[in-house]
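Numbers here are sequence positions counted from 1.
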Amino acid sequence: MSWHAFSFASSPGTAADASPAARDGGRSRSRGGLRRAGHVRSSPAVYSGQRETASPSVLLSTTDVDAQVLVERRVSLVNDVKEMLRTASGGRETLATVDHLRRLCIDHYFQDEVDSAMDDVACLQELAHGGDLHDATLAFRLMREAGHHVSPDEVLGRFTNDNGDFNLAYSKDIGGLLGLQDISHMNMGAEALLCKAKEFSTRHLKSAIKQLNPNLAKYVRQSLDHPYHVSLMQYKARHHLSYLQTLPTKCSAMEELALVDFQLNKLLHQMEMQEIKRWWLDLGLAQEIPFARDHVQKWYVWVMTVIEGVFFSRCRIELTKVVAFVYIVDDIFDLVGTHDELSCFTQAIKIWDIEAADSLPSYMRSCYKALYNITNDIADLWAILFDGFMRETEWLSAREVSDSKDYLRNGVVTSGVPLVFVHMLFMLGHDLEKDASEFIDHIPSVISCPAKILRLSDDLGSAKDEAQEGLDGSYKELYLKENPGLTVGEAEEHMHGLIAREWEELNKECFSRRAFSGGFTEMALNVSRMVAVMYAYDGGEERRLSLLDDYIRMLLL
């Protein structure tokens, strides 16, 4: 099978204000993310996962002629692609098209057609158990994403030798290697053949790059640097589209639809960003609390990535305000508050009475009143977050933590992830069966896994060196103190292992257990994917976030 046939038939700024090191001058243990996330009743009504087509009036509050033309062109292109799907020969061709639609982030316009293809288990099984490596990996990935039971051993076993290793005959099959690379990141734990798939595909794709034509080499390198399942789909979509446009075989309607949809989403995100900036300026906290981070763009990018779709525009705007306060409170605890002031601040949050602000220092009073005005129904969650911050403060003051497990357990709460997810559930109309505190006591894996991935990724860069005195508030520093014989590199390897296990647990939630709606688990995946962007620091003293800069330029500016 030629590469070009595979390629289409079944797929292969600004210095961000998001760099805390640049802004803080490396001044403290300050966290760089949504910081350091009950059972809830599953509700399919909570973000169905379908980013539906909006009318011009929903999408834009402007009379911009170019925007209206884009909206009308999108409607026409959706119809063209639907016709293409209707006349497709079925089987492999249809599944390959579905794969392209997903990679280009436009599958939501064709949900009925996609669902129909995913329900054709016989076709998927036939492809999965055929003799073509790329076809098998494509079917495996689509089946796992759709929630069908599929075994790596059953699908990939025919491509291995008597020792259980992949046959070297496939070391030159670029399409098959890319397929192996894709599915290797969907490991749900104890799937040894997927671990071998990652090692085999990574090794041979790297060695093949120099022999490939420049466009294909760029695509392969990008696939290795940003693996499909663990990377942001919107970011991957732009690179996938760019590659498709270099091929002699094209589907112009699909490619143009992806480009038009991208342009309209960017317009919508720019409008949301402007509203959030106005809110932040009107709030005045940047002047009231000058030491706190003023990273409006970063706060919005977190939410923009997690919650997609035109009809969740208001939710994105309101949730960004919640994220902003997680950062602000974090900085108050990390950078300026005395132990007594922080204790009073925490008690005031627990009381949740506007008069309690009167006893606080001016900068805390401003934060308290602003926070009080934007949220009331879930005040208990903020109290739990403050308790977590206070516990960290006491640990640092005493220069001791009970153990790394306790630290990480508390770090799930202080990541801010559970708080943000519960706000999101309320905003999306979800009716929690249990109160907020009980939710925090029993955080489901779909939320705790992204929180641990964030906390550990943040802490990988927190400890300066083994000789640093006291605790800096990071898991790495604490783990090194618990295991004095280890090097920094060994501690980091241990943390990368913990992150990998959290990804496996999250994959179980997404592909096997399915206790929550597909849309909600996709949000959890997006939080985890965004972590890699938020903490992908370059080497050197400036600690720049070039990947985040690129992401913002591509999708927002």
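Ala348 and Leu360 make their closest contact through CB-CD1, 4.2 Å (heavy atoms, listed as atom of the first residue, atom of the second, distance). Leu319 approaches Val420 most closely through the heavy-atom pair CD1-O, 3.6 Å.
We find that Arg102 and Glu145 are joined by a salt bridge, their nearest charged nitrogen and carboxylate oxygen being less than 4.0 Å apart. With respect to Glu318 and Lys321, a salt bridge is recorded, a charged nitrogen being found less than 4.0 Å from a carboxylate O.
With a 6.0 Å cutoff to the six-membered ring centre and a 45° limit on the axis angle, Arg529 does not count as a cation-pi contact of Tyr235.
Between His185 and Trp503, the ring centre distance reaches or exceeds 6.0 Å. For an aromatic pair to be called close, the ring centres must be under 6.0 Å apart, and His494 with Tyr479 satisfies this. Taking the six-membered ring for Trp and the full ring otherwise, the centers of His226 and Tyr551 sit at least 6.0 Å from each other. A distance below 6.0 Å separates the ring centres of Phe421 and Phe520.
Side-chain atoms of Trp302 and Tyr327 form a donor-acceptor pair, as typed in the model, at a separation below 3.5 Å.
Of the residues Tyr368, Phe333, Phe325, the one that meets the ring pair (Phe, Tyr, Trp, His ring centres under 6.0 Å) test with Phe386 is Phe333.
The shortest distance between side-chain heavy atoms of Ile183 and Arg144 does not fall below 4.5 Å. Two residues are said to be in side-chain contact when any heavy atoms from C-beta on lie closer than 4.5 Å; Met304 and Met273 fail this criterion.
Rounded to the nearest 0.5 angstrom, Ser313 OG and Leu268 CG are separated by 4.5 Å.
Under the side chain to side chain donor-acceptor pair (under 3.5 Å) criterion, Ser201 pairs with Gln181, not counting sequence neighbours.
Classified by interplanar angle (parallel below 30°, tilted 30° to 60°, perpendicular above 60°), the ring pair His423/Trp382 is perpendicular.
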